[in-house]
Every structure is written in structure tokens, then in C-alpha cells.
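Note that these values count all heavy atoms, side chains included, but never hydrogens, waters or copies made by symmetry.
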Amino acid sequence: MTLNKFPLGSTIGIVGGGQLGKMIAQSAQRMGYKVAILDPDDTCPARYVAHHFVHAPYNDIDGLKQLSNHSDVITYEFENINAEALKVIAEENHVPQGYETVNILQNRLSEKEAIAQSGAVVVPYLRVECREDVDRAIREIGLPIVLKTVFGGYDGKGQLVVTDESHLDEAYKMAEDNVLVAEKRIELDREISITASRNLQGEVVYFPVQENVHRNQILFSTTVRKSHAYTEAAISEVEKILSKIHFVGTFTVEFFIDKAGKLYVNEIAPRPHNSGHYSIEACDYSQFDTHVLSVLGFTLPKSIRLHSEAVMYNLLGQDLDLMEHLFPEHPEWHVHVYGKATRKENRKMGHITLLLDDNTDTYYPIYEELMR
Ligand code: ADP
Ligand code: MG
């Protein structure tokens with residue numbers, strides 16, 4: 001028998017108060033837990049759903065200590081937290097996710113090495129840190145390649161696609177300023193992802209395979225159907241990764257599928273993920289619910305039930321401008337607005353989930369039309 005170390009009313013500390021922190025907090029509170037948030041922005045989305053708020057940079061040891069003082073268990077909403085700072089906190093507090101996984105995954109090179117060592121398939125890649133490395137990558141991998149900064153990129157930021165010589169100057173400059181990974185640019189047929197949760201005891205539960213469409217390298221939509229041709233193949237890759245990288249909580253593996261149907265692991269997020277948001281309405285447990293259960297060391301559900309096929313659309317600043325006046329007419333849109341203080345182009349402001357039953361399938365093309 002496992003004893004419940006976290007009686008109702010215990011506090012979960014979350015590093016990061018963006019939309020992911022907010023949605024983790026909302027799940028935790030529904031289950032009877034309190035939440036403490038640390039964020040450098042005192043208008044961040046999670047601030048107004050938290051019992052305690054620590055206003056400090058993510059890597060500030062004093063701030064993290066303050067968060068620990070309020071918390072019985074600590075988790076994070078993003079992987080770019082300084083692993084060293086997390087290590088200091090993990091020595092004296094309960095941080096079930098540890099810091100090693102963040103350390104591996106926040107660096108695209110060590111991430112790819114770990115995935116490749118697990119036996120899962122990644123796109124051919126090379127380390128690049130000077131002009132000569134760019135030339136070598138082009139020679140050995142062949143054009144087109146994508147250059148990505150090893151640290152800190154998201155939503156396609158810190159990436160350059162090199163298709164011909166006209167991009168070389170920019171590529172050389174990027175290589176002189178940063179450590180990069182150069183990888184083969186795949187001609188994509190589709191992109192999918194799979195979200196899973198693992199608790200401290202090692203139980204794992206999978207969400208259904210998610211089909212993702214990106215526009216300008218930012219997630220545009222995620223569609224989930226009752227079955228997917230790649231479910232077995234994707235889970236098999238995740239199982240390999242699980243044998244090599246230690247996960248606790250919710251995580252997502254992103255995949256590419258090329259024109260020949262071959263599956264490659266793209267990257268891993270050791271936290272709830274944008275492509276799992278549909279689970280709030282469409283599944284019996286959301287990715288945030290299973291994250292909370294996992295970090296508390298609770299038993300996970302044996303499987304996740306998909307109540308309805310679904311599609312999720314992100315609402316970027318410009319989408320919200322376009323769509324906001326239509327919300328009152330569309331109760332079937334399941335609107336989420338995160339509550340960020342400023343609306344900006346390409347900033348994720350919220351999302352919409354449509355449940356694709358007979359009734360709403362007709363709204364789906366209408367929405368696609370509006371978003372063009
Ligand atoms: P991040 O999500 O951290 O910004 P990704 O590596 O996932 O970075 O890249 C964002 C998107 O850019 C991918 O989802 C994909 O659409 C496109 N992309 C990235 N790398 C490649 C590649 N090697 N081949 C084809 N498309 C790519
Ligand atoms: Mg990505």
C-alpha cells in the first residue's frame with residue numbers, strides 16, 4: 001500500500017506561471033490542492049488562480065527557495081529553467097521530476113544524443129559551432145538543412161532553413177554567434193505527437209496520437225481521431241525513450257512523418273504540451289490532471305478514454321482579434337483565453353477546442369475558412 005504523502009490542502013509549487021502553469025493549477029485546485037506560482041511577470045496568467053505568488057526570475061535561487069517554503073512538492077511548466085538552480089532546490093525539496101531530464105532536454109544536442117542512444121529514430125544531425133561546421137553539415141547531410149540554436153528556441157524561433165547558397169552568410173553568422181544543431185530538412189507528409197504521463201512508481205498512460213499542423217513553425221491545429229495508423233509505432237518509440245530518459249509527470253514526444261511514411265522523433269517536451277490541450281474537453285482525464293496525479297505519486301488511470309474526436313486551434317494575438325466577436329454565437333467552440341496582459345502577433349493568447357460529433361463537424365470547415 002502506498003501512503004498518501006500529500007493530504008488534501010497540500011501545496012504544489014509550479015515554476016512558471018504561463019498558460020501551462022495556469023491549467024496545471026486549475027486541475028490541482030479541482031482535486032483539492034493549493035498552488036504556489038513563481039514567475040518574473042506579476043501579471044502572468046497563473047497568478048490569479050494561485051494561493052501564493054512569488055515574483056522572481058525562473059533561475060533566482062532565493063525566489064525558488066521562497067517557492068519551496070510554500071510548497072510540499074515542486075513541478076515546472078517549461079524546460080528552460082536553469083538545471084543547476086533546479087538541482088539546488090531538488091536537494092532539499094521534493095521535486096519528483098528531478099533536474100537531470102531538464103538538463104538533457106533543454107539542449108537540443110544532448111536531447112538528440114539521448115534519443116538516438118535509446119534506439120529511437122532521429123533525423124540525421126551534426127553539431128555546428130563555426131563556418132567550417134556549416135560547410136561540413138551541408139556536405140555530409142546534404143541540402144536543405146535546418147539550423148537550430150541548441151538552447152532556448154520555441155515556436156520556430158532560433159531556426160534557419162538553408163536551402164541554397166543565398167542563405168550561407170546568414171548561416172555563417174548564426175554559427176559564429178551560437179552553438180547549433182544542423183539537421184536534415186525533411187519533406188514532411190505529416191507531423192504527429194503523443195502525450196503521456198508517468199508517475200514516480202513507473203506507471204505510464206498514453207493519450208491518443210495527435211495530428212499537428214504548423215503554420216510559420218507555430219502549432220496551428222491538433223486533431224485527434226478514435227484511431228491512428230501510427231499509434232503502435234509512436235508508442236514503441238516512446239517506450240525506447242522511456243528506457244533511457246527518466247520522466248515523471250506529463251511529457252510529449254513530437255514526430256515527423258516523411259513522404260515515404262517513415263517516422264522520426266523530432267523533440268520531447270518534459271511537461272504538458274500545446275498539442276495535448278484538447279484532452280481537457282475530449283478525454284476523461286486531461287494532460288494536466290494526469291500531470292498532477294503523477295507528481296503527487298498517485299496511481300494513474302489504466303488508460304485514457306477519448307469521449308469524442310476533437311480538433312484544437314490555437315488563438316494567437318491576430319486570431320483573437322479576428323475571432324473574438326464571434327465567440328457569443330459559438331458555444332460549441334470551447335474557448336480558452338489565458339489572460340495574458342498584452343495581446344501580440346503570434347503570441348499564444350488562448351485556444352479553441354471543437355468536439356467533432358455529428359453536430360459540430362459542420363462547424364469545422366467554417367472555422368478553417370475563417371482562419372485563412
Ligand atoms: P520548436 O517547436 O522548439 O520551435 P521544432 O524543432 O519542433 O522547434 O520546429 C518547429 C517546426 O518546424 C516543426 O514542428 C516542423 O514543422 C518544422 N521543422 C523543424 N525541423 C524540421 C526538419 N528537420 N524538417 C522539416 N521540418 C522541420
Ligand atoms: Mg516543436
Side-chain angles (χ1 to χ4, degrees), residues 1-39 41-42 44-56 58 63-79 81 86 89-99 101-102 195-205 207 247-252 269-273 276-277 279-281 283-302 304-305 336 338-339:
M1 191 175 81
T2 319
L3 289 177
N4 179 7
K5 285 182 291 188
F6 302 105
L8 294 174
S10 301
T11 300
I12 301 177
I14 307 173
V15 182
Q19 63 268 23
L20 301 175
K22 180 180 178 185
M23 291 185 274
I24 295 169
Q26 289 172 325
S27 276
Q29 290 179 344
R30 205 189 67 237
M31 297 179 203
Y33 294 90
K34 292 184 182 144
V35 169
I37 298 282
L38 176 144
D39 199 279
D41 175 3
D42 64 359
C44 67
R47 170 157 196 183
Y48 302 103
V49 296
H51 287 79
H52 306 284
F53 179 69
V54 178
H55 187 201
Y58 304 119
L64 288 166
K65 284 190 174 156
Q66 271 185 57
L67 182 76
S68 320
N69 291 339
H70 288 297
S71 308
D72 299 294
V73 53
I74 292 179
T75 182
Y76 49 81
E77 67 148 10
F78 75 141
E79 61 274 33
I81 171 176
L86 198 59
I89 296 308
E91 276 159 10
E92 289 180 7
N93 300 277
H94 186 45
V95 185
Q97 289 154 288
Y99 65 91
T101 302
V102 159
T195 297
S197 299
R198 183 181 178 281
N199 65 7
L200 264 177
Q201 302 87 300
E203 295 168 345
V204 181
V205 68
F207 287 82
F247 288 97
V248 174
T250 292
F251 63 97
T252 291
R271 52 162 171 81
H273 189 263
H277 290 354
S279 59
I280 295 174
E281 286 89 4
C283 297
D284 58 346
Y285 290 84
S286 79
Q287 62 164 344
F288 305 100
D289 298 338
T290 52
H291 183 72
V292 171
L293 296 176
S294 299
V295 297
L296 291 175
F298 286 13
T299 300
L300 288 172
K302 292 264 172 304
I304 298 293
R305 192 176 309 151
H336 295 245
Y338 305 141

For residues Phe251 and Thr195, determine if any side-chain heavy atom of one lies less than 4.5 Å from a side-chain heavy atom of the other.
no
For [X] versus [Y], what's the shortest heavy-atom pair and its separation?
X: Ala56; Y: Leu38; result: O-CD2, 3.5 Å
X: Val102; Y: Leu86; result: CG2-CD2, 4.1 Å
X: Ile37; Y: Gly17; result: CG2-CA, 3.6 Å
X: Ser279; Y: Phe207; result: CB-CE2, 3.7 Å
X: Thr250; Y: Ser197; result: OG1-OG, 2.7 Å
X: Ser294; Y: Leu300; result: OG-CD2, 3.6 Å

Measuring from atom [atom1] of [X] to atom [atom2] of [Y], what distance do you get when rounded to the nearest 0.5 angstrom?
X: Ile74; Y: Ile12; atom1: CD1; atom2: CD1; result: 11.0 Å
X: His70; Y: Lys34; atom1: NE2; atom2: NZ; result: 11.5 Å
X: Gln287; Y: His273; atom1: CD; atom2: NE2; result: 8.5 Å
X: Leu64; Y: Ile81; atom1: CG; atom2: CD1; result: 5.5 Å
X: Leu293; Y: Asn199; atom1: CG; atom2: CG; result: 9.0 Å
X: Glu92; Y: Lys65; atom1: CD; atom2: NZ; result: 6.0 Å

Applying side chain to side chain donor-acceptor pair (under 3.5 Å), can you list everything that pairs with Asn69, at least two apart in sequence or on another chain?
none
Test your reading of the model: is there a side-chain donor-acceptor pair from Glu79 to the backbone of Arg271, 3.5 Å cut-off?
no
Hey, do the aromatic rings of Phe6 and His94 have their centres closer than 6.0 Å?
yes
Which residues pass the ring pair (Phe, Tyr, Trp, His ring centres under 6.0 Å) test with [X], not counting sequence neighbours?
X: His291; value: none
X: Phe298; value: none
X: His51; value: none
X: Phe288; value: His277

Pairs involving residues 47-56, ordered by first then second residue, that meet salt bridge (Lys or Arg N to Asp or Glu O under 4.0 Å) (sequence neighbours left out)
none
[X]: which residues meet the side chain to side chain contact (heavy atoms under 4.5 Å, CB included) condition with it, sequence neighbours left out?
X: Thr101; value: Leu105, Ile245, His246, Phe247, Pro270
X: Glu281; value: His334, His336, Thr353, Leu355
X: Asp284; value: Ile304, Arg305, His307

Does the side-chain hydrogen bond (donor to acceptor under 3.5 Å, both in side chains) test come out yes or no for Thr75 and Gln97, once each step is laid out?
CA-CA 7 Å; Thr75 182; Gln97 289 154 288; 2.6 Å; yes
Enumerate, atom names and distances included, each donor-acceptor pair closer than 3.5 Å involving a side-chain atom of residues 20-30, sequence neighbours excluded.
unit_1 : atom_1 : unit_2 : atom_2 : d
Lys22  : NZ     : Tyr338 : O      : 3.1
Ser27  : OG     : Asp289 : N      : 3.4
Ser27  : OG     : Asp289 : OD1    : 2.6
Gln29  : NE2    : Val49  : O      : 2.4
Arg30  : NH1    : Asp289 : OD1    : 3.4
Arg30  : NH2    : Asp289 : OD1    : 3.4

Please list all pairs passing the side chain to side chain donor-acceptor pair (under 3.5 Å) test where one or both residues lie in residues 8-19, with sequence neighbours left out.
Gln19-Lys340
Other residues, nucleotides, ligands: >12 heavy atoms within 6.0 Å of Tyr285 OH
no
State which residues pass salt bridge (Lys or Arg N to Asp or Glu O under 4.0 Å) with Asp39; sequence neighbours excluded, sorted by chain then number.
none
